[in-house]
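To find a chain, count down the sequence lines: A is the first, B the second, and so on, and within it residues start at 1.
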Amino acid sequence: MATRVYQRGPVKVQANLTPLIDVVFLLITFFMLVAQIQRTRLEALDLPRLSAAETSKAVHDDSAVVNVLPLGPGGESRGYRVGARTFAESPDGLGALVDELKRSMKQQPSANVLVRAERTEMYERVHPLLAAIAQAGITRVHVVTVDKDGAL
Amino acid sequence: MSTVEAHRASHTAKRRRRRPGGAIALNLAPMIDVVFLLLIYFMLAMNFTSEERAIQMDVAADQQAPESADPFALPEQPIMVIVRSTGDGAQDYGLSTDSPSIGALHSFDDLARALNAARTAILDDDQRFVIAPDASTRWEHTVAAVSAVRRGGFNRVRMAAPEGVALR
């Protein structure tokens, strides 16, 4: 056995990097997926367009994101969404929304509130949400926009 | 010939001997593994770049501090910016204010310019503004009015409840 080893000459030790890279990329992908799942609270909406100079980058992490869901195909209201929870566009639903916001503000008092609504949304559907946010004791919100052509 | 080369040569020779047909088989499995991983990685990374931006706005009617304020100071009135959607297009909107120091407005840029001019001459830096849309004003016009006020150099801006104040 020993003679066979010496016949081949000195042993060259090489690290096989392929499995390492495999595993590292798998871990990266896994954590990105987890983060992605956390971001499902962002509804796909056609947001108002403003030029970038007037706005700052929207920080979604550590903020309460409040979405105004667009009307359904029959014109029926689909309510508002905070995180994974949906609230009806009714006094009861808005009351529950206020409680939810109060709860999340107690957990993270420094959190921003981001308001997302379609650019064609009527103000009468957004205002109850703003009133609910004010009722939860929040004094400042960030209105989410996009930087696109056709900015007003 | 170095030892490594000799080693390789003997290795190839051995393989050639094992495969008399002369076909060199490339092991594709690890390559496919890595290529798929990279593909998924870049697809996810693309999805990640968010183009969303945000503009700040007050929501509650901000109270004036009654104790510390000068008791003889006049109550400071917010300037109301009335905004209406007049059609289906992004450019179909009407705009006016209830301030006599701001003239007729044709666009959000007009409002920003007028406010910039008034800021140095007439208005206080912490002048408050209230955006007054009606029920059918579209969100993009309401937000653009907030943006115009902020571009005009004023940061204390909020939105009022929808009401029937007519455009002037």
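Across A/V146, A/T120, A/L130, the residue that shares the most heavy-atom pairs under 4.5 angstrom with chain B is A/T120.
Distance check: A/R119 CZ to B/H141 NE2 gives 8.5 Å after rounding to the nearest 0.5 Å.
Residue pairs meeting the ring-ring contact (aromatic ring centres under 6.0 Å, His included) criterion with at least one member in residues 70-92 of chain A: none, sequence neighbours excluded.
In terms of the side-chain contact (heavy atoms from CB on, under 4.5 Å) criterion, A/S56 has no residue partners (sequence neighbours excluded). Residues meeting the side-chain contact (heavy atoms from CB on, under 4.5 Å) test with B/A114, sequence neighbours left out: B/I102, B/L105.
Between A/V143 and B/M57, the closest heavy-atom pair is CG2-CE, 4.1 Å. Of all heavy-atom pairs spanning B/A161 and A/Y123, the tightest one is C-CE2, 4.3 Å.
Between A/M32 and B/Y41, the closest side-chain pair of non-hydrogen atoms falls below 4.5 Å. The closest side-chain heavy-atom distance from B/I55 to A/L50 is below 4.5 Å. Looking at heavy atoms from C-beta onward, A/R140 lies in side-chain contact with B/Q56 at the 4.5 angstrom threshold.
Of the two parts of B/R151, only the side chain, counted from C-beta on, holds a non-hydrogen atom closer than 4.5 Å to a non-hydrogen atom of chain A. Both the backbone and the side chain of B/S136 come within less than 4.5 Å of a heavy atom of chain A. Looking at A/V126, the atoms closer than 4.5 Å to chain B (heavy atoms on both sides) all sit in the side chain, from C-beta outward. Interface residue B/A160: only backbone heavy atoms are found under 4.5 Å from chain A. With a 4.5 Å cut-off on non-hydrogen atoms, A/V115 touches chain B through its side chain but not through its backbone. Proximity to chain B (any heavy atom under 4.5 Å) is shown, for A/Q135, by neither the backbone nor the side chain.
Within the 3.5 Å criterion, the main-chain N or O of A/T55 finds a donor-acceptor partner in the side chain of B/R53.
Partner of B/W139 under the side-chain contact (heavy atoms from CB on, under 4.5 Å) criterion, out of A/M122, A/R116, A/E121: A/E121 alone.
The residues B/E52 and A/K57 are annotated as not salt-bridged, no charged nitrogen and carboxylate oxygen being separated by less than 4.0 angstrom.
Annotation: residues 19-29 of chain A contacts chain B through A/D22, A/F25, A/L26, A/I28, A/T29 [non-hydrogen atoms, separation under 4.5 Å].
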